[in-house]
Amino acid sequence: MREKIVLIDGHSILNRAYYGVNMGMTNFEGLHTNAVYGFLNILLKIIDEEQPQYMTVAFDVKAPTFRHEMYEAYKGTRKGMPEELHEQVPLTKDVLKAMGIQVAELPGYEADDILGTLSARCEKEGLDVVLVSGDRDMLQLASGRTKIRIPKTKGGTTAVEDYLEKDVKEKLGVTPSEFVDVKALMGDSSDNIPGVPGIGEKTAFALIQKYHSLEAVYADVDNVKPARAQKALAAGREMAELSQTLARIDRECPVEFSLEQARIGKLFTPEAYEIMKRLELRSLLKRFEAGCQTQNSVERAFLFLDDLEGAELAFEKAMGAERIGMQLVAENGELLGLSLAFGEEDIYFLEASDFLTGEYLAGKARQLCLRGRDTWMLDLKEALPYLGIEETEGVYDAGVAGYLLNPLKSAYVYDDLAREYLELTVPSRTDLLGKVSFQSALQDKKESCITCFCYSAYTAMASGEILLTKLRETGMEPLFRNIEMPLIYSLYHMEKEGIQVEKEALRVYGETLRVQIERLEIEIYELSGETFNINSPKQLGVILFEKLKLPYGKKTKTGYSTSADILEKLAPEQPLVAKILEYRQLTKLKSTYADGLAVYIGEDGRIHGKFNQTITATGRISSTEPNLQNIPVRMALGREIRKVFVPKEGCVFVDADYSQIELRILAHMSGDSRLIEAYHQAEDIHRMTASQVFHVPFDEVTPLQRGNAKAVNFGIVYGISAFGLSEGLSITRQEALDYIKQYFETYPGVKVFLDGLVDSGKEKGYVTTLFGRRRPVPELSSSNFMQRNFGERVAMNSPIQGTAADIMKIAMIGVDRRLRRENLRSRLILQIHDELLVEAAEDEAEQVKRILKEEMDGAAELSVPLEVDLNTGYSWFETK
DNA sequence: TTTGTCACG
DNA sequence: ACGTACGTGACAAAC
């Protein structure tokens, strides 16, 4: 058995940990600890899996490296990190020192070079090497003996990708050392390696796969095809050679290293224990306490109950508890059981049975919610049909709280919450039950069910107080209490209500489409001279750009782009292309809308879609199964589909939408006096913008000027860039730049505001809405140009889009409450970001309009008025 | 499962 | 030099 060393890229793993784990995490001193925590978790996981005898962690040192001397534009992989991450670097080194793990640093060299050198030396010593980094550059170090491990955080969970030399070959198609030359050709903006201008990823890989080295490529440069690449190579030879040196990791740097000092001794030392205590990393504490034990003690308390007597006792005790956690287990409208937690020793799963009926359990659960103390749940909205409660003080959803604290996660399930907020690693639902139904899991693996449901209730209970504290610390408690929690009930009401859809009319619409699609299909085959799958971008690309030799505009990484904006440029000349565009439109309508919606029509003739509260990064809600927020409206034929969405007998639709809410929010948040003044004066915001920016009287604004101003307004809200605007308006980048300049000269306050968002985003790591909602923007500290630019646009857009979402949520809660409290039969049934649709009793329509206007207008007090447009109709088509 | 495309705000 | 407007979800094809 060979001995093994684990080498860790310290900064890269810390960085990954920082953005992977809950950002608000601090100890009582206010020290941020999330990155240290994530780092240690990864470290311990690797030690568990690899069982190495040696370990070293390499860090960069702030000093110019040889790469800086060679290439002045080189910025290196070290860049500004947020303060909250930066302060955790020395903390991490302290922990490592306490654990007796060797730290390697060398001024003038990056961690990459240290790792490259150590891996080379260790291989020579006959050791197996495991190299852990978040950086794919490391792949050039892979060999038969050196395995590269790249942890990936996806949503909440960390998966590790492993690469030995053969894996690099398999997945990239080049050897590790060839990979350096690929980078030399294509460059790497995240490392500021320039590459050869004009050579992209595809060409770089193809060339190296053929020639195996940069030198060989240049030896045969006169025969390289295509000509485009040959020209680029010839012109960029110096760059390529420079890039090759920059990209190659130094494997002989003069770093001090002794294998003996790298030997792993006792990791869980008293000193390390003290630091864990100080950092309040509880789950790690346990591990440091018990040596290497990972057994979670709470699990011992889990208790299964299916007798009435036991259940009564548990419920009685729970009724007196200050704080409980609860998880209903339901499927297909039937309550199969519930779990309950109200202390470290009181955690139960009660399964429904002949003695303990679903109705009984539901009734008890309801009483618990209404007992006037705190009840924490997960997926409260899904439990509401069984609980039968309306908005209740003290009933909270831990998932929604987790979403506010970090909206970038892909799910808010108990195991993630336990890991983040309780520092407790517990098995996930999939670990325990797989993907089977609850029904069959309850039959086949009762023990796993008990564990799963009890952990869920326990996590909800135990994390509740912590979540609330964090919400308080981050200024989001009012947002949670006054907006997100009440909203759960409004969304539930909308889902329950649903919207009526005329099934037969939908079928006829689909049938009409089918006939037209078949006709088009024949015409397309005739014009192209063969039959093929028109829906396949790959096949279509071959027909258009190879067989017919049409000029292709863009390429995607897998082939030619056949997207609408490309095809539209060809369509005027090419009847075939025009027909393909039409075909696309019709098949989209048929598959997604005509056929797609039909399957969701319930027995009541209505579609009950889901409204999701914890999906978007900005605070918007999303709509699924089906998506009712993207029903066609812009094109005439698509818009027809709205005719099948109708109010029920005796009702009429009342539709209300905010007019230009995001621009009004921009005016308010920026405080730009000219913009505010403009919105007080005019209804037509784009015309007003055109008038002020282009210095023409309001009444003399041409449609073209208005259109340009509109595009600029869009650009501002999306986080302006000259490129984006030039694309949107089909103008040159210089012209776009001039528009932007003129806009900012007209509204200097907007420029100050947007710059301020980016600055504060960089400083804090997140941006906020008017109501305190946060969005972390990790991209802002990226060394990758493109990612950082994206981060800057996000920093500008999120506060605006998010504030609009906040305001709409306030309005929805207000409308829903008033319809109910004023005992109306009318109901809110849809939200489409800036629009609300109410199914109103005909005799209540006027009152409903008043309510919508009042609640939407009054949802926020801005320095510009919030305008609301109202429409009524006997189908969703008519309400425009 | 990922990619390309396209529907909406 | 790089190459993109912000936020979503569903479908078909290709992997």
Side-chain angles (χ1 to χ4, degrees), chain A residues 73 186-190 192-201 232 236 239 243 407 533-541 554 556-567 581 584-585 587-593 595-597 599-600 609-610 612 615-635 638-639 641-642 657-658 660-662 711-712 714-729 733 736 740 775 784-802 804-805 808 831-835:
Chain A
M186 68 187 261
D188 183 342
S189 51
S190 75
N192 288 293
I193 290 170
V196 176
I199 302 283
E201 186 181 333
M239 269 306 191
S243 295
N533 188 343
I534 310 167
N535 280 320
S536 158
K538 197 178 164 188
Q539 295 181 38
L540 181 62
K554 255 193 313 198
T556 65
K557 50 185 136 174
T558 55
Y560 307 98
S561 171
T562 67
S563 63
D565 54 329
I566 299 288
L567 297 193
L581 281 168
R584 281 251 181 93
Q585 202 184 39
T587 50
K588 175 85 179 177
L589 290 173
K590 183 158 194 303
S591 66
T592 304
Y593 299 103
D595 301 345
L597 287 174
V599 303
Y600 289 102
K610 286 185 181 170
N612 315 296
I615 300 287
T616 70
T618 53
R620 278 186 175 185
I621 59 172
S622 93
S623 163
T624 51
E625 298 173 65
N627 183 352
L628 293 170
Q629 291 179 323
N630 74 345
I631 304 302
V633 68
R634 293 176 192 163
M635 304 287 283
R639 183 183 269 209
I641 204 151
R642 294 186 169 223
D657 68 288
Y658 280 119
Q660 304 299 344
I661 186 168
E662 292 185 341
V712 175
F714 263 103
I716 297 288
V717 169
Y718 289 159
I720 195 77
S721 78
F723 179 87
L725 184 62
S726 67
E727 286 285 294
L729 279 174
R733 228 179 295 181
I740 294 167
R775 167 168 186 178
N784 181 308
F785 175 89
M786 212 171 41
Q787 284 193 24
R788 200 170 52 245
N789 277 352
F790 172 72
E792 289 171 1
R793 293 196 296 274
V794 162
M796 296 188 257
N797 168 269
S798 294
I800 300 174
Q801 189 183 120
M808 181 50 110
Q831 186 252 42
I832 311 98
H833 309 307
D834 64 354
E835 172 188 356

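Below, read A as the first sequence line, B as the second, and so on, with proteins coming before strands; counting in each chain starts at 1. Note that the coordinates shown come from a computational prediction; the quantities given were computed from them, not determined experimentally.
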Any residue in residues 626-635 of chain A with a heavy atom nearer than 4.0 angstrom to DNA chain B? Just list them by number, or reply none. Gln629(A), Asn630(A), Ile631(A), Pro632(A), Val633(A), Arg634(A)

When all nucleic acid strands are considered with a 4.0 Å heavy-atom cut-off, which category describes Leu589(A): base, sugar-phosphate, or nothing? nothing

If you look at every strand shown and take non-hydrogen atoms under 4.0 Å, does Ser623(A) touch a base, only sugar-phosphate, or nothing? sugar-phosphate

At under 4.0 Å, does any side-chain N or O of Arg620(A) touch on OP1 or OP2 of dG7(C)? no

How would DNA chain C look in dot-bracket form, 5' to 3', counting Watson-Crick and G-U wobble pairs with both distances under 3.5 Å and writing | for bases paired to another strand? .....|||||||||.

Name the closest nucleotide to the Phe785(A) side chain, picking from dA12(C), dT8(C), dG3(C). dG3(C)

Just N and O in the side chain of Ser721(A): are any of them under 4.0 Å from OP1 or OP2 of dT4(C)? no

P gap between dT3(B) and dT4(C), integer Å: 15 Å

In terms of side-chain heavy atoms of Ile720(A), which of dT8(C), dA5(C), dC6(C) is nearest? dA5(C)

Ser622(A) side-chain proximity, nearest of dA14(C), dT8(C), dA10(C): dT8(C)

Looking at Ser561(A), I'd like to know whether one of its side-chain N or O atoms comes within less than 4.0 Å of OP1 or OP2 on dT5(B). yes

If every non-hydrogen atom of Asp565(A) is compared with every non-hydrogen atom of Lys554(A), which pair is closest and at what distance? OD2-NZ, 3.9 Å

Contact summary for Ser726(A) and Ala736(A), nearest pair of heavy atoms: N-CB, 3.8 Å

Quick one: closest heavy-atom pair of Pro407(A) and Arg775(A), and the distance? CG-CA, 4.4 Å

Atom pair distance, as rounded to whole Å: CD1 in Ile661(A) and P in dG7(C): 18 Å

Which part of the nucleic acid, if any, lies within reach of Glu835(A) when heavy atoms closer than 4.0 Å are counted: base, sugar-phosphate only, or nothing? nothing

Over all strands shown, is Asn533(A) touching base, sugar-phosphate only, or nothing at heavy-atom distances under 4.0 angstrom? sugar-phosphate

Hey, does Gly715(A) reach any base, or is it just sugar-phosphate, or nothing, if we go heavy atoms under 4.0 Å? base

Rounded to the nearest Å, what distance is computed from the CZ atom of residue Arg733(A) to the P atom of nucleotide dC2(C)? 10 Å

Please tell me if Gln787(A) has a side-chain N or O lying less than 4.0 Å from either OP1 or OP2 of dC2(C). no

Any Lys538(A) side-chain N or O less than 4.0 Å from OP1/OP2 of dC15(C): yes

Between Val794(A) and Pro799(A), which heavy-atom pair has the shortest distance, and what is it? O-CD, 4.1 Å

Euclidean distance, atom NZ of residue Lys590(A) to atom P of dT5(B) [Å, nearest integer]: 22 Å

What is the nucleic acid contact for Ala617(A), judged by heavy atoms within less than 4.0 Å: base, sugar-phosphate only, or nothing? sugar-phosphate

How many Å lie between CD1 on Ile832(A) and P on dC8(B), as a whole number? 12 Å

How far, in whole Å, is dT5(B) from dA5(C) if one measures between their P atoms? 13 Å

Candidates dT8(C), dA5(C), dA7(B) - which lies nearest the side chain of Tyr593(A): dA7(B)

Does the side chain of Thr558(A) get closer than 4.0 angstrom to OP1 or OP2 of dA14(C) through an N or O atom? no

Under 4.0 Å between a side-chain N or O of Thr562(A) and OP1 or OP2 of dT5(B)? yes

Indicate whether OP1 or OP2 belonging to dC6(C) is found under 4.0 Å from a side-chain N or O atom of Thr618(A). no

With a 4.0 Å cut-off on heavy atoms, is Ala564(A) in touch with a base, just the backbone sugar-phosphate, or nothing at all? sugar-phosphate

In whole angstrom, what separates Asn535(A)'s CG from dT5(B)'s C1'? 10 Å

For Arg639(A) and Val633(A) the tightest heavy-atom approach is NE-O, 2.9 Å

Using only side-chain N and O atoms of Arg639(A), determine if any of them is under 4.0 Å from OP1 or OP2 of dC8(B). no

Describe the nucleic acid contact of Ala711(A) in one word from base, sugar-phosphate, nothing, applying a heavy-atom distance below 4.0 Å. base

Nucleic acid contacts of residues 794-801 of chain A, taken as heavy-atom distances under 4.0 Å to DNA chain C: Val794(A), Asn797(A), Gln801(A)

From dG7(C), dC6(C), dT5(B), pick the nucleotide closest to the side chain of Tyr718(A)? dC6(C)

Distance-only donor-acceptor test, Arg584(A) side-chain atoms vs dT5(B) base atoms, 3.5 Å: no

Measuring to OP1 and OP2 of dG4(B), would you say a side-chain N or O of Thr556(A) lies under 4.0 angstrom away? yes

Need one value for Glu662(A): base, sugar-phosphate or nothing, where a base atom within 4.0 Å counts as base even if backbone is also close, heavy atoms only. nothing

